[in-house]
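Below is one structure, written out as structure tokens, with a few remarks after it.
Atoms considered below: every heavy atom in the structure, side chains included; atoms not considered: hydrogens, waters and symmetry mates. Owing to the predicted nature of the structure, the values given are computational and were not obtained by experimental measurement.
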Amino acid sequence: MEKNKISGAEAVIRCLLEEGVDLVYGYPGGAIMPVYDELYKFKEQLHHVLVRHEQGATHAAQGYARATGKVGVAIATSGPGATNLVTGIADAQIDSTPMVCITGQVGKHLLGSDAFQETDIIGISTPVTKWNYQITEASEIPEVIAKAFYIAKSGRPGPVLIDITKNAQFEEFEFSYKKCTGIRSYNPKPVLNLEKVKEAADLINNAKKPFIIFGQGIILGQAEAELKALVEKSGIPAAWTILGLSALPTDHPLNMGMLGMHGNYGPNVLTNECDVLIAFGMRFDDRVTGNLATYAKQAKVIHFEIDPSEIDKNVKTTVAVLADVKESLQALLPLIESKTHESWHNEFKEKYKIELEAVINDELKPKTEGISMGETIEMINKHSKGDAIIVSDVGQHQMFACRYSKFNSTKSNITSGGLGTMGFALPASIGAKMGMPDREVVAIIGDGGFQMNIQELGTIFQTKVPVKIVVLNNEFLGMVRQWQQLFFDKRYASTEMTNPNFVAIAEGYHIKSKKVTKREDLDAAVAEMLASKQSYFLEVMVEKENNVFPMIPAGASVSDVRLR
């Protein structure tokens, strides 16, 4: 090898180190082997975590990114290795998670020949990536990887996939690296229009019943302090989407709870009674709005958003402030008058009392013999004191976790929102704990989702990452069963689960385990789990037909929320 020249494979590793990457998740194979050979040489500087399935690599990278705010990195080989990444990439795209995926590919001379393990991953991943690119010459590697990291983390974040042919990994070239700071025609950060901010402030100051709804944009834009300051100065009640959860402490007096299909009664019903609706960093998706034809038609809508494609996409705005949410909030704050909106607050309090009587009391302190999902979450709150990162999977347990978990600090709720990916939580909790080793990380998973990526127990065993896993086992695909009960005359088609001995499986991976079937054992089991310095698996047998309410039926108005 000539002096100053390095292989493309080594260049990949050096590029990652230049971007500050110290942790990657992946699974080796033929087409990516040169990169893995270099990983072996650089293992003191760049820690590689061997997952048990490539989908696990993407979810772990997502968990790491969501917990830390950094870019997650996943690596896989060509063909099935690359296609196994696609679900996690799609999940990261819809949930705006910064991630860079690197895949190996057959040699340039074999492209299009249906060679062994050749798949057009560029074509496959185009609809679910923020950007993707195939490298066929080693000299392209530094510029393309620099661009990949810039695109993944700038503006509205998202996943990027870089496919590298095997010849490019072997080729040698003179390496130099320059971080990307801009790309022609790509404007990730719109210029703040102060006139629009003033228009928004005037509407807010003149409102009688203003209502703030906030999403993950607050967390991605690091605007938590500004949001809290605005809420406290304006006295405006605020509610969150599930990805916005934890941006404002859950016990804050102006935090009114969760929006959407299984959200709190007050925030849903009063959306259709407010006179000014102020949305920060959220996209008005169908789970939040219900029937768009009846959503907030009485309100003037102000939308603070960084992505121009989201403006007026679902809900017509009166004022749109297209900008970085931290910048726009900083500009808005001095223009806002101090108020209390006491009578408006009382309307939320009255609605909460109704929900408390109809739903919450029965859920958190059930009179039934069986354990409820809600009381299990409440028990975790008791012992975590609201300081844990909760990583939930998808289904009923996810809604219970989002509805009842207590959070004191941001980046504490990690879940699959837009795609609703079962199997997300176990690998994502690995990434979250590795990214934030000083914080307690608890995965809340259903018996269905747990089995979708159960093999990642092997990753926990090998890495000794001390995550806490709680499986809420109702022996059903619970959310589908709930819909079948309510809308399909209790025809439980293919939703009842005959499950294995989960404790025996976890113990097979040398993970300390316990199963709880009686309420009187729950407190001590949760305390033991959270006190453990190692990973811990806790299975809680919950009521088989425990439904999550309130609920807005699909296609219904937010005003038509059902309490039972």
Side-chain angles (χ1 to χ4, degrees), residues 194 196-219 221-241 244-260 263-282 284 288 296 298-305 315 317-321 323 325-356 386 406-410 558:
L194 293 173
K196 292 291 183 185
V197 176
K198 188 174 183 315
E199 282 179 48
D202 289 342
L203 279 178
I204 293 167
N205 289 333
N206 290 311
K208 298 286 184 283
K209 293 184 172 184
F211 186 27
I212 288 171
I213 58 178
F214 62 92
Q216 191 188 200
I218 293 290
I219 297 170
Q222 300 177 342
E224 296 92 342
E226 288 80 4
L227 175 70
K228 186 168 177 277
L230 174 72
V231 166
E232 290 173 351
K233 184 179 182 183
S234 66
I236 299 173
W240 36 266
T241 69
L245 172 55
S246 83
L248 188 68
T250 44
D251 64 356
H252 192 286
L254 291 168
N255 188 335
M256 298 301 158
M258 176 170 153
L259 298 159
N264 293 104
Y265 185 57
N268 277 323
V269 171
L270 295 176
T271 294
N272 278 1
E273 295 182 26
C274 67
D275 59 354
V276 175
L277 187 66
I278 311 132
F280 290 101
M282 54 85 69
F284 290 111
V288 163
Q298 79 296 338
K300 292 182 169 69
V301 177
I302 304 168
H303 195 177
F304 289 80
E305 175 58 50
V315 172
T317 53
T318 310
V319 177
V321 182
V325 72
K326 192 179 183 80
E327 283 181 19
S328 53
L329 270 166
Q330 286 170 343
L332 180 68
L333 262 168
L335 307 177
I336 295 298
E337 296 168 5
S338 294
K339 293 189 179 180
T340 58
H341 294 292
E342 192 174 345
S343 62
W344 178 226
H345 282 184
N346 288 336
E347 292 191 43
F348 281 91
K349 287 175 185 171
E350 288 304 313
K351 294 288 188 286
Y352 181 74
K353 280 182 197 168
I354 294 168
E355 184 179 348
L356 192 66
K406 302 294 185 203
F407 297 114
N408 301 323
S409 56
T410 189
V558 289

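Without hydrogens or angle criteria, D275 side chain to K208 main chain gives a donor-acceptor distance under 3.5 Å. Between the side chain of N268 and the backbone N or O of V558, no donor-acceptor pair lies under 3.5 Å. The closest donor-acceptor contact from the side chain of N205 to the backbone of L335 lies under 3.5 Å. Side-chain N or O atoms of W240 include none that pairs as donor or acceptor with a backbone N or O of G215 at under 3.5 Å.
In this structure, OG on S343 lies 7.5 Å from NZ on K209, to the nearest 0.5 angstrom. The distance from the CD atom of E347 to the SG atom of C274 is 10.5 Å, given to the nearest 0.5 Å. Separation of atoms CD1 (I236) and OG1 (T340) is listed at 11.5 Å; rounding is to 0.5 Å. To the nearest 0.5 angstrom, Q298 atom CD is 8.5 Å from T271 atom OG1.
By the side chain to side chain donor-acceptor pair (under 3.5 Å) test, D202 pairs with K198, sequence neighbours left out. For N264, the side chain to side chain donor-acceptor pair (under 3.5 Å) partners at least two apart in sequence or on another chain are E355.
Counting heavy atoms of neighbouring residues, nucleotides and ligands inside a 6.0 Å radius, atom NZ of K351 exceeds 12 of them.
Note: F211 and F348 meet the aromatic proximity criterion, with ring centroids under 6.0 Å apart. The aromatic ring centroids of F284 and H303 lie less than 6.0 Å from each other.
Side-chain contact between L230 and I336 is present, with heavy atoms from C-beta onward closer than 4.5 Å. Using a 4.5 Å heavy-atom threshold, the side chains of L248 and E224 count as separate.
Residue pairs meeting the salt bridge (Lys or Arg N to Asp or Glu O under 4.0 Å) criterion with at least one member in residues 230-241, sequence neighbours excluded, are K228-E232.
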